[in-house]
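Note that the structure is predicted; figures quoted are calculated from it, not measured.
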Amino acid sequence: MSSQKTDPISGKTRYQSKMRLYHQSSKNEEVSWDDWIGDKMKSPSRQKFDKILVGVGTVMVGLGILGGVVGAIYVVLSKILPILVK
């Protein structure tokens with residue numbers, strides 16, 4: 001047995017891989033959120049249109065749900081009330 005021990009870390013046989021893509025620093029340090037997600041800035045008129053569209057859609061969905069609830073109550077009461085009145 002040899003009294004000399006080799007250091008596996010300092011030897012030339014140690015494997016070194018290439019730097020991974022996610023370890024590399026980007027060239028542009030200041031990236032906005034819109035650039036990061038690939039979205040473009042909307043103009044103020046487009047933002048206002050989107051807000052109005054969302055508001056109108058919300059009101060329409062709310063009225064639809066309210067109409068469904070009122071219709072369900074009407075159907076249930078029209079079936080139950082004749083039974084109770086007899």
Using the rule that Ile, Leu, Val, Met, Phe, Trp and Tyr join whenever any side-chain heavy atoms are under 4.5 Å apart, tell me whether [X] and [Y] fall into a single cluster.
X	Y	answer
Ile83	Val75	no
Ile65	Val70	no
Leu53	Val61	no

- Nearest non-hydrogen partners of Ser78 and Pro82, listed with the distance: O-CD, 3.0 Å
- Once you round to the nearest 0.5 Å, how far does CG of Asp50 lie from CD of Gln47? 8.0 Å
